[in-house]
A.B. asks: 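One structure is given below, represented as structure tokens, and several questions about it will come after.
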Amino acid sequence: MPKKLEQALKAKANRMGLKGKQKDAYVYGALRETGWKPSKITDSSARTDSSVQASLQGCRPEIDLLTEWAKQTAVMLNEYGES
């Protein structure tokens with residue numbers, strides 16, 4: 001992000017009386033109008049499925065119980081179908 005332009009836009013937003021998210025939105029929009037694009041998230045910094053699952057583990061015990069129940073049901077159905 002062009003630092004000098006960003007600082008100038010923040011100063012102008014302050015003069016306009018903008019604060020917080022309105023100020024951020026004004027600066028972001030003005031930078032986008034100039035052709036600036038925000039940097040993209042790289043694969044190394046993006047969250048993977050396993051990290052999302054790990055963060056959910058223990059937070060929702062109902063999901064863990066249902067998953068275990070589904071596994072047991074599948075085993076029982078397989079055993080029943082073979083007999």
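These numbers were taken from a predicted model, which means no experiment stands behind them. Computed over heavy atoms, backbone and side chain alike; hydrogens, waters and symmetry mates excluded.
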A.B. asks: Exactly one of Lys12, Glu6, Gln7 should register a side-chain contact (heavy atoms from CB on, under 4.5 Å) with Lys10. Which one does?
C.D. replies: Glu6
A.B. asks: Could you give me the CA-CA distance, side-chain angles and deciding distance for Met16 and Lys23, then say whether side-chain contact (heavy atoms from CB on, under 4.5 Å) is met?
C.D. replies: CA-CA 9 Å; Met16 294 170 61; Lys23 179 180 172 181; over 6 Å; no
A.B. asks: Could you give the distance from CG (Leu9) to CG (Asp24), rounded to the nearest 0.5 Å?
C.D. replies: 12.0 Å
A.B. asks: For a 4.5 angstrom cut-off between non-hydrogen side-chain atoms, does Tyr26 reach Gln22?
C.D. replies: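 They are not in contact (no side-chain heavy atoms under 4.5 Å apart), so the answer is no.
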